[in-house]
There are 4 protein chains.
Amino acid sequence: MSTGGGYGDADKRQKILDSAFAVFTKKGYQQTKVDEVAQLAGIGKGTVYLYFPSKEELLREMLKAMIKKNLSELKKRMSEEEHPLAKLKVMYATHASLLQENPSLAQLHIHDFAFVNEAFRAWLEQEKADFMAYIARIVEAGIKTEEFRPVNPNLAAALIISCLSVFLPPYGSDTFSVDDVLDILHYGLCQSLPPRP
Amino acid sequence: MSTGGGYGDADKRQKILDSAFAVFTKKGYQQTKVDEVAQLAGIGKGTVYLYFPSKEELLREMLKAMIKKNLSELKKRMSEEEHPLAKLKVMYATHASLLQENPSLAQLHIHDFAFVNEAFRAWLEQEKADFMAYIARIVEAGIKTEEFRPVNPNLAAALIISCLSVFLPPYGSDTFSVDDVLDILHYGLCQSLPPRP
Amino acid sequence: MSTGGGYGDADKRQKILDSAFAVFTKKGYQQTKVDEVAQLAGIGKGTVYLYFPSKEELLREMLKAMIKKNLSELKKRMSEEEHPLAKLKVMYATHASLLQENPSLAQLHIHDFAFVNEAFRAWLEQEKADFMAYIARIVEAGIKTEEFRPVNPNLAAALIISCLSVFLPPYGSDTFSVDDVLDILHYGLCQSLPPRP
Amino acid sequence: MSTGGGYGDADKRQKILDSAFAVFTKKGYQQTKVDEVAQLAGIGKGTVYLYFPSKEELLREMLKAMIKKNLSELKKRMSEEEHPLAKLKVMYATHASLLQENPSLAQLHIHDFAFVNEAFRAWLEQEKADFMAYIARIVEAGIKTEEFRPVNPNLAAALIISCLSVFLPPYGSDTFSVDDVLDILHYGLCQSLPPRP
DNA sequence: CATGAATGAGTATTCATTCAT
DNA sequence: CATGAATGAATACTCATTCAT
């Protein structure tokens with residue numbers, strides 16, 4: 001039966017991760033008590049330790065899960081578009097809508113969680129680097145089709161990713177429209193044409 | 001007398017703030033021990049409490065001092081330029097050079113420090129809002145002189161500020177040049193001209 | 001199971017109260033370390049805080065428990081007597097024997113414990129007032145049966161209670177006999193008869 | 001000159017003792033800060049240590065001074081009376097009036113101050129013993145003149161001293177009259193005559 | 001498997017005392 | 001003599017983790 005063996009486990013583990021996300025994003029690491037996570041998950045405190053060896057590891061697993069899930073959603077929707085410009089647009093739109101659907105996500109950016117250990121930091125930087133490379137490849141494709149100017153693809157990727165933060169507090173996700181952001185990103189601030197070297 | 005007369009107090013307070021900056025940025029709030037700050041300042045632990053009522057308040061005062069100092073330096077240099085484009089350029093250049101001179105500054109962006117109280121959070125958002133308004137006014141000036149396209153000045157300001165983060169880890173301040181960043185910010189990613197509505 | 005089932009909690013709480021009584025009466029509040037109370041109770045320091053929210057509250061609870069227990073013992077034995085004189089006699093005898101059985105009780109009168117909060121002070125004064133009223137009613141009964149002279153019952157009660165202190169240090173409970181004390185209390189110091197107004 | 005040498009010292013020492021009395025009786029030992037005593041005396045904190053080697057010693061000196069002063073006043077007035085009954089009456093009257101003039105005195109009885117060291121405790125018990133002996137001699141004199149019954153003079157003295165506490169809180173010094181107290185002390189509670197052995 | 005009672009390491013803060021001025 | 005800035009010892013309390021049931 002589906003309720004018999006390993007299923008219950010995965011369900012409970014997921015329930016713990018969900019509670020952990022809720023509490024960690026609301027209170028930050030130090031203010032989060034394992035008790036509270038357990039209670040929110042409707043289980044005993046000791047049970048948390050059957051699934052995660054420590055509070056730190058629980059945080060790391062939760063962060064990994066959230067980041068993976070969101071990046072994967074982002075990439076999935078982007079992959080459904082072919083055109084570089086369309087990919088960027090769907091990325092921004094997806095990012096904005098994910099934040100709007102789940103405002104707690106914004107806390108992941110605000111709370112540090114930086115004390116997580118070196119291994120996690122490395123994993124996180126790798127994920128960022130991978131994602132930046134992914135965006136850089138899109139930029140390169142755009143440059144190749146001459147839609148984009150011959151900019152440094154890595155820098156462009158870094159800027160594209162940085163600009164996602166305009167949808168985070170304190171600006172708020174309601175303030176700016178995706179199209180307006182893309183307008184500036186695509187055509188720049190200046191009236192004039194770029195200098196010809 | 002030592003150096004001036006009555007200066008001792010302010011000197012010692014500043015010395016404590018400096019030590020606090022060094023230790024807080026290196027270790028984060030929880031891992032920072034008041035003892036360590038005191039030792040680095042070359043004073044006794046109790047002395048810290050003659051100048052600051054608590055470890056939390058010490059952090060807040062240190063953050064305020066650093067933010068004020070850096071924003072003030074930024075604005076001072078920007079005010080020496082008249083042209084909007086020149087102002088932005090000097091802002092990016094100053095930001096990059098401040099980070100290069102003092103890499104610990106980058107930690108201010110990374111560490112959590114989220115427990116800072118509501119009063120501090122309010123102060124910080126006000127500072128951010130003020131700075132964004134300051135940038136927005138520069139953009140407006142650029143629009144008026146028709147150097148800039150008629151974009152939303154607040155959005156432009158938010159993007160300009162967001163893009164400063166490309167000089168922070170994990171990208172690193174060595175990776176990208178100020179001119180390259182400004183090139184993309186000014187002329188956008190696209191080869192084509194913006195759509196005419 | 002240990003002894004009963006669910007009794008463990010109350011047992012441990014009582015064990016902590018007993019240890020607290022021993023240490024607080026021996027050392028006073030400030031010199032008492034929570035660690036020491038815990039060790040004497042044979043438990044960990046943290047466990048004390050599962051039963052009492054603070055060291056102060058532990059003291060208050062201990063004091064309340066001791067006072068209640070002793071007053072209750074006093075009243076119980078007094079209620080078994082009918083005659084006012086017999087009641088007073090059993091009160092003095094019980095008081096003296098309680099102090100002899102447990103000399104630490106005397107410390108409750110000697111130690112400061114002054115920081116006890118307003119709520120406790122109010123409770124304590126109420127207990128004292130209740131007990132004084134109880135004694136005053138006994139005096140009134142004695143006056144009605146004309147065993148006692150028509151004295152102010154409240155004053156008589158206050159004096160009767162005050163005189164209990166001759167069994168406390170530094171006089172010591174061995175020095176004076178209950179009968180001798182009662183003799184003076186009943187018939188006064190004077191040879192002559194009281195003045196007739 | 002009178003202001004030159006030792007006079008200023010004695011004045012300041014006394015001023016410190018007065019402040020110490022005020023603060024210690026109001027707050028108890030632990031809650032009293034040396035700073036506060038110094039400020040009330042209008043001097044610097046360090047100056048206290050020119051006159052008293054420690055906070056504890058300051059408390060002891062203050063207590064000694066107050067006790068000596070009050071006992072001496074008591075004895076002085078009692079010595080002006082010849083008759084045992086008159087001596088007791090003036091003792092009670094003086095005690096009640098001293099408490100009324102300076103309610104803080106009552107705190108000396110309420111606050112423990114028992115942690116003061118062994119030497120002080122010994123001194124205090126000696127003073128008490130001396131005073132009890134003094135009262136006992138008065139009782140003996142009364143017995144000799146057959147005004148008093150042949151009671152144990154030490155017990156009588158202990159009871160006489162114990163009964164002084166009816167003028168202390170929580171009973172309050174306004175509640176009971178000296179004459180009423182003496183009436184009970186002299187003629188006892190009972191209507192009947194004491195048993196003849 | 002699940003629980004939650006028990007544990008004890010770890011740290012900010014106070015304030016009596018000192019001593020350079 | 002007088003001061004008060006500086007010191008640092010001393011301690012209650014929290015909460016992640018364990019393990020007997």
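To find a chain, count down the sequence lines: A is the first, B the second, and so on, and within it residues start at 1. Just so it is clear, the values below take in all heavy atoms, side chains as well, and ignore hydrogens, waters and symmetry mates.
Between A/Tyr51 and E/dC1, a side-chain N or O to OP1/OP2 separation shorter than 4.0 Å is absent. Here A/Tyr49 does not reach the OP1 or OP2 of E/dG4: none of its side-chain N or O atoms lies under 4.0 Å away. A close approach under 4.0 Å does not occur between any side-chain nitrogen or oxygen of A/Lys12 and OP1 or OP2 of E/dC1.
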With side-chain contact (heavy atoms from CB on, under 4.5 Å) as the test, would you mind laying out the steps for A/Tyr51 and A/Leu17 before giving the verdict?
CA-CA 10 Å; A/Tyr51 293 85; A/Leu17 282 174; over 6 Å; no

Using salt bridge (Lys or Arg N to Asp or Glu O under 4.0 Å), reason through D/Glu61 and D/Arg13 one step at a time and then give a plain yes or no.
CA-CA 11 Å; D/Glu61 291 296 315; D/Arg13 191 188 139 93; 3.3 Å; yes

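For E/dT13, the base has no donor-acceptor partner in the side chain of B/Lys55 [N/O atoms by modelled type, under 3.5 angstrom]. Remark: the D/Lys33 side chain and the E/dT14 base include no donor-acceptor N/O pair separated by less than 3.5 Å.
Remark: P of E/dT3 and CG of A/Asp35 are 12 Å apart, rounded to the nearest angstrom. Between the CG atom of B/Leu50 and the C1' atom of E/dA16 there is a distance of 14 Å, rounded to whole Å. Straight-line distance from the CD atom of C/Glu36 to the P atom of F/dA12: 10 Å, rounded to whole Å. Counting to the nearest Å, the P atom of E/dT13 and the CG atom of B/Leu59 are 12 Å from each other. Atom NZ of B/Lys27 and atom P of E/dT11 are 11 Å apart (whole Å). Rounded to a whole Å, the NZ atom of C/Lys45 is 8 Å from the P atom of F/dA12. The distance from atom CG of C/Asp11 to atom P of E/dA6 is 11 Å, rounded to the nearest whole Å. In this structure, the OH atom of C/Tyr29 is 8 Å from the P atom of F/dA12, given to the nearest Å.
Across the interface with DNA chain E, nearest-nucleotide mapping of B/Pro53 and C/Gly44 shows C/Gly44 to be the residue nearer the 5′ end. The nearest heavy atom of DNA chain F to D/Gly46 and to A/Ser54 marks one nucleotide each, and the one closer to the 5' end goes with D/Gly46. Along DNA chain F, the nucleotide nearest to C/Gln31 and the one nearest to B/Ile43 differ in position, and the one closer to the 5' end is contacted by B/Ile43.
For DNA chain E, runs of at least 3 consecutive pairs of the Watson-Crick or G-U wobble type, with both hydrogen-bonding distances under 3.5 angstrom, map to E:2-21 with F:2-21.
In this model, a donor atom of one side chain and an acceptor atom of the other lie less than 3.5 Å apart for D/Gln14 and D/Asp18.
At a threshold of 4.0 Å, the pair B/Arg121-B/Glu125 does not count as salt-bridged, since none of the basic side-chain nitrogens sits closer than that to a carboxylate oxygen. Salt-bridge annotation for A/Arg60 and A/Glu57: present, with a side-chain N of the basic residue lying under 4.0 Å from a carboxylate O of the acidic one. With respect to the salt-bridge test (charged N to carboxylate O, under 4.0 angstrom), the residues C/Glu127 and C/Lys64 do not qualify.
Between C/Tyr49 and C/Leu58 there is no side-chain heavy-atom pair separated by less than 4.5 Å.
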